[in-house]
Amino acid sequence: VQLEDLNHLVFMCHEPKNKLKGTNTLKYIEWGEKEGYQKRPTCISRERWWDLGQWEISKNILPMFERERNYCFYNKFDAYIDAALYWCYTKENEVIINILLNSMLIKLWKELLCRPPEGGGGGPIQMKVYHYSEMPIPKKIIDVSLNNEFLDIFNAFINREILTIFTELGFDPNKPIREQEPNPLPDRKALDDIIFDAL
């Protein structure tokens with residue numbers, strides 16, 4: 001997410017009206033009430049219809065659905081997320097965790113643990129929170145110390161377009177995998193090398 005690419009912003013206020021007297025925030029809430037927003041299904045059940053709640057934000061965001069791309073977003077703007085994405089909470093270094101979650105080791109776990117596509121193959125895999133919780137993560141990977149080389153690899157990887165797994169690993173999807181030698185993109189290989197060297 002780049003801030004300049006966003007077309008909409010979300011109004012975030014956790015205060016009651018009596019603490020907002022004389023503010024544009026209160027004017028905005030009153031305007032919303034004239035429009036009837038407080039009667040909408042998702043708003044009517046809240047104590048303060050405008051309050052989306054206070055959430056612990058994570059730097060790492062994982063998808064519920066995934067197809068030919070493997071990714072964990074790095075949330076450098078502390079963005080909020082919606083239902084098809086998950087925050088990944090950790091007490092460990094967020095960058096090391098992001099490197100791990102973008103690795104092909106995690107793609108393997110996803111393929112093994114996921115809910116299969118509806119109606120068979122060809123559709124997106126579906127990952128639930130409990131699938132992510134079931135992933136075995138070797139402690140040696142989490143204990144990797146972050147150095148300048150790893151930071152350079154991370155920054156190059158996290159700021160580029162996410163490509164298909166075939167492009168990332170250098171496979172032709174129209175040929176049998178067993179007949180091919182992997183030829184991963186240099187930054188993909190560098191990122192995976194951090195994880196596989198730790199293993």
Side-chain angles (χ1 to χ4, degrees), residues 1-67 69-103 106 110 114-115 124-135 137 142 144-148 150-163 191:
V1 176
Q2 299 296 329
L3 210 51
E4 60 271 16
D5 295 336
L6 300 177
N7 294 323
H8 304 283
L9 298 175
V10 175
F11 174 70
M12 295 295 289
C13 176
H14 311 298
E15 300 291 339
K17 284 186 191 178
N18 63 359
K19 290 191 176 179
L20 299 171
K21 286 181 181 166
T23 66
N24 287 330
T25 300
L26 181 58
K27 289 178 187 173
Y28 188 75
I29 291 169
E30 289 171 344
W31 170 84
E33 288 172 348
K34 286 178 190 166
E35 297 292 313
Y37 290 126
Q38 76 280 12
K39 296 176 184 170
R40 292 186 175 186
T42 55
C43 298
I44 201 167
S45 62
R46 296 186 191 133
E47 182 183 345
R48 292 183 290 272
W49 68 266
W50 61 87
D51 188 351
L52 297 178
Q54 293 180 324
W55 300 87
E56 182 185 351
I57 295 173
S58 170
K59 292 291 183 196
N60 291 299
I61 298 175
L62 291 163
M64 180 189 294
F65 299 100
E66 199 171 273
R67 209 166 178 146
R69 299 184 310 150
N70 178 59
Y71 51 89
C72 173
F73 300 112
Y74 193 74
N75 186 14
K76 63 183 174 184
F77 293 115
D78 292 337
Y80 280 74
I81 60 173
D82 201 356
L85 297 169
Y86 306 125
W87 278 316
C88 176
Y89 298 110
T90 178
K91 294 177 182 165
E92 310 299 331
N93 183 296
E94 298 269 14
V95 171
I96 289 292
I97 296 300
N98 189 272
I99 290 170
L100 170 65
L101 294 173
N102 273 303
S103 74
I106 296 302
K110 287 178 183 178
C114 74
R115 183 178 285 183
I125 63 170
Q126 184 178 156
M127 294 292 296
K128 296 291 191 179
V129 171
Y130 65 86
H131 293 127
Y132 283 115
S133 298
E134 291 172 351
M135 288 185 180
I137 305 299
I142 293 171
V144 168
S145 58
L146 192 62
N147 58 38
N148 287 337
F150 292 175
L151 271 174
D152 289 344
I153 291 167
F154 165 77
N155 286 321
F157 188 84
I158 208 70
N159 288 306
R160 74 156 165 85
E161 181 183 355
I162 301 163
L163 304 170
L191 184 135

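Treat the numbers as computed from the prediction; the structure is a model and nothing was measured.
Between the SG atom of Cys43 and the CG atom of Leu52 there is a distance of 8.0 Å, given to the nearest 0.5 Å. Note that NE2 of His14 and CZ of Arg48 are 9.0 Å apart. Values are rounded to the nearest 0.5 Å. In this structure, Phe157 CZ and Leu191 CG are separated by 5.0 Å, a value rounded to the nearest 0.5 Å. The CG atom of Leu146 lies 4.0 Å from the CG atom of Leu151; values are rounded to the nearest 0.5 Å. Rounding to the nearest 0.5 Å gives a distance of 11.5 Å between CD of Gln38 and CD of Glu30. Atom CG of residue Asn70 and atom CD1 of residue Ile106 lie 8.5 Å apart, to the nearest 0.5 angstrom.
By the 6.0 Å contact criterion, CG on Asn18 is enclosed, its count of non-hydrogen atoms from other residues, nucleotides or ligands being greater than 12. At most 12 non-hydrogen atoms from other residues, nucleotides or ligands lie less than 6.0 angstrom from CD of Glu161.
Using a 4.5 Å heavy-atom cutoff, the side chains of Val95 and Tyr74 are in contact. When side chains are defined from C-beta on, Lys19 does not count as touching Thr25, because their heavy atoms never get closer than 4.5 Å.
Considering all non-hydrogen atoms of both residues, Cys114 and His131 come closest at C-NE2, 4.0 Å. Between Arg69 and Leu163, the shortest heavy-atom distance links the atoms CG-O, 3.5 Å. Residues Ile81 and Leu85 share a closest heavy-atom pair of CD1-O, 3.5 Å. Residues Ile57 and Tyr80 come closest through the heavy atom pair CD1-CE1, 3.5 Å. Looking at every heavy atom in both residues, Leu20 comes nearest to Cys13 through CD1-SG, 3.9 Å. Closest heavy-atom contact between Thr42 and Ser45: O-OG, 3.8 Å.
Distance alone, capped at 3.5 Å, is enough to place a donor-acceptor pair between the Tyr86 side chain and the Met127 backbone.
Screening Lys27, Lys17, Lys39 against Glu33 for a salt bridge (Lys or Arg N to Asp or Glu O under 4.0 Å) leaves a single residue, Lys17. With respect to Phe11, the ring pair (Phe, Tyr, Trp, His ring centres under 6.0 Å) criterion is satisfied by exactly one of Trp49, Trp50, Tyr28: Tyr28. Just one residue in the list Ile61, Asn75, Leu100, Leu101 forms a side-chain contact (heavy atoms from CB on, under 4.5 Å) with Cys88, and that residue is Leu101.
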Worksheet entry | Worked verdict on Glu15 versus Ile29 for side-chain contact (heavy atoms from CB on, under 4.5 Å) | CA-CA 11 Å; Glu15 300 291 339; Ile29 291 169; over 6 Å; no

Item to complete: Assess whether side-chain contact (heavy atoms from CB on, under 4.5 Å) is satisfied between Asp51 and Met12, documenting all intermediate values.
Response: CA-CA 7 Å; Asp51 188 351; Met12 295 295 289; over 6 Å; no

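Looking at Asn102 and Asn98, their side chains do bring a donor and an acceptor atom within 3.5 Å of each other.
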